[in-house]
Amino acid sequence: MSRPPGRKQDNHKIDWHLPTISSSASAHHMSRELFVLTYGALVAQLCKDYEKDEDVNTCLDRMGYGIGVRLIEDFLARSAVKKCRSYSETAEMIAQYDICTTNHSRALPLPAWMSETCRDTLVAFKMYLGVTPSVSCTSATGDEFSLILDKNPLVDFVEELPAERASLCYCNLLCGVIRGALEMVHLAAEVTFLQDKLKGDAVTEIGIIFLRKTEDKKHKRNK
Amino acid sequence: MAIFSVYVVNKAGGLIYQLDHYAPRADAEKTFSFPLDLVLRLHDERVVVAFGQRDGIRVGHAVLAINGAEVNGRYTADGKDVLEFLGNAANYPVSIRFGRHRLSSNEKLMLASMFHSLFAIGSQLSPELGSSGIEMLETDTFKLHCFQTLTGIKFVVLADPRQAGIDSLLRKIYEIYSDFALKNPFYSLEMPIRCELFDQNLKLALEVAEKAGPFGPGS
């Protein structure tokens with residue numbers, strides 16, 4: 001069990017000696033199966049409680065939202081993300097994204113601040129789910145982009161949706177999480193599933209549409 | 001004790017957590033006989049020493065207790081006016097405790113909101129675009145360090161000017177907040193933090209930071 005690493009500051013490291021009961025330290029130790037099974041049980045119970053698929057989807061989204069608003073702080077505290085200050089490194093990020101989205105013919109350069117957000121979303125996915133989605137910009141105005149997930153750990157044990165639940169968005173929790181997290185950093189967004197492997201599509205695609213960038217907040221955001 | 005206090009301010013400017021970490025200040029309790037050689041006056045609903053500093057009793061110290069009973073602002077525990085009481089020769093000899101008064105929680109709330117506003121003004125005054133708010137406030141007796149997260153929560157630490165490593169402490173406090181306050185399912189966002197685990201871990205972190213001590217030139 002490793003101690004939380006001391007942060008480099010002022011030419012000396014502080015070893016915090018805090019007990020590693022912090023869940024983020026143990027996030028990578030926790031059994032992923034347990035998490036996936038818990039999620040499955042949650043969705044199954046919701047299906048029993050609600051008849052309509054839309055209700056289940058809304059419920060999952062709401063739960064995800066509650067998780068997202070708290071998870072964002074954990075993510076910000078633990079990753080070294082900085083505010084969108086240096087656009088020179090952002091230009092490199094844009095180039096990197098162009099390379100990784102050559103599979104998708106819709107690749108377009110993202111606006112500077114959004115590419116920072118994209119990069120951070122990818123880091124978050126890696127941190128919490130262990131998968132790295134690829135990102136592409138899907139609109140000319142630069143307001144929308146989508147995350148393509150080849151592997152979705154949440155559906156590891158699900159073969160297909162039952163016939164009577166055809167329009168259920170199984171991973172709607174993820175949408176809620178992303179929406180909640182973005183809202184806490186003053187980026188209102190609409191997050192939906194564009195493609196779902198469980199419904200027969202090739203990949204799982206999550207679409208994120210930025211509704212309105214709060215212009216002043218962008219400049220006042222602090223590290 | 002090199003770290004004096006920690007304040008956590010939410011997005012709206014309200015104080016959601018406060019911790020005082022300094023050793024009890026030196027109170028001076030002395031027995032006096034009539035006439036009192038200190039000059040006392042009323043200030044802000046408290047009786048403070050205006051002149052006649054001696055023996056550990058400094059100008060600005062407030063009357064904290066008379067004959068062992070804590071005073072209530074300008075009135076003694078039994079409701080008599082302090083200045084009148086001390087002006088009456090019949091009450092002597094009397095034992096008075098002086099010391100620096102502590103901020104009440106209302107005062108702390110008010111000061112936190114004021115700091116929140118000043119922080120915003122700080123970023124607006126900047127000649128550069130996209131400046132941060134106030135990061136450090138320095139006086140001769142303490143330094144105030146402030147860290148604002150991307151979500152708008154501010155962590156404020158008051159520490160000794162020579163204490164180093166406060167930046168890493170602020171980030172550590174952010175981690176502790178995200179762990180023990182946010183992950184507590186019964187804690188609502190933006191509300192006062194009443195989580196035992198948060199308190200405990202915060203105190204641990206403060207102790208570690210203090211032990212790390214001043215390294216090289218103070219930050």
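To find a chain, count down the sequence lines: A is the first, B the second, and so on, and within it residues start at 1.
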NZ/A/Lys151: more than 12 non-hydrogen atoms of other groups inside 6.0 Å: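 No - once you tally the heavy atoms of other residues, nucleotides and ligands closer than 6.0 Å, there are 12 at most.
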
Region of B/Ser126 that comes under 4.5 Å of a non-hydrogen atom in chain A: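 No part of it gets close to chain A.
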
Option passing side-chain contact (heavy atoms from CB on, under 4.5 Å) with A/Met184 (candidates B/Ile153, B/Thr151, B/Leu150):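 Going through the options one by one, the only one that passes is B/Thr151.
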
Crowding at CZ, A/Arg165 (>12 non-hydrogen neighbours, <6.0 Å):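 Atom CZ in A/Arg165 is packed in, count exceeds 12.
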
B/Tyr174 side, atom OH; A/Asp74 side, atom CG - distance, nearest 0.5 Å: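 Interatomic distance, B/Tyr174 OH to A/Asp74 CG, rounded to 0.5 Å: 8.5 Å.
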
Non-hydrogen atoms of A/Arg70 and B/Asn184 that approach each other most closely: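 Closest approach of A/Arg70 to B/Asn184, heavy atoms only: NH1-O, 3.2 Å.
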
Crowding at OH, A/Tyr50 (>12 non-hydrogen neighbours, <6.0 Å):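 12 or below, so no.
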
B/Lys183 side, atom NZ; A/Leu71 side, atom CG - distance, nearest 0.5 Å: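 Atom-to-atom, B/Lys183:NZ and A/Leu71:CG are 7.0 Å apart.
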
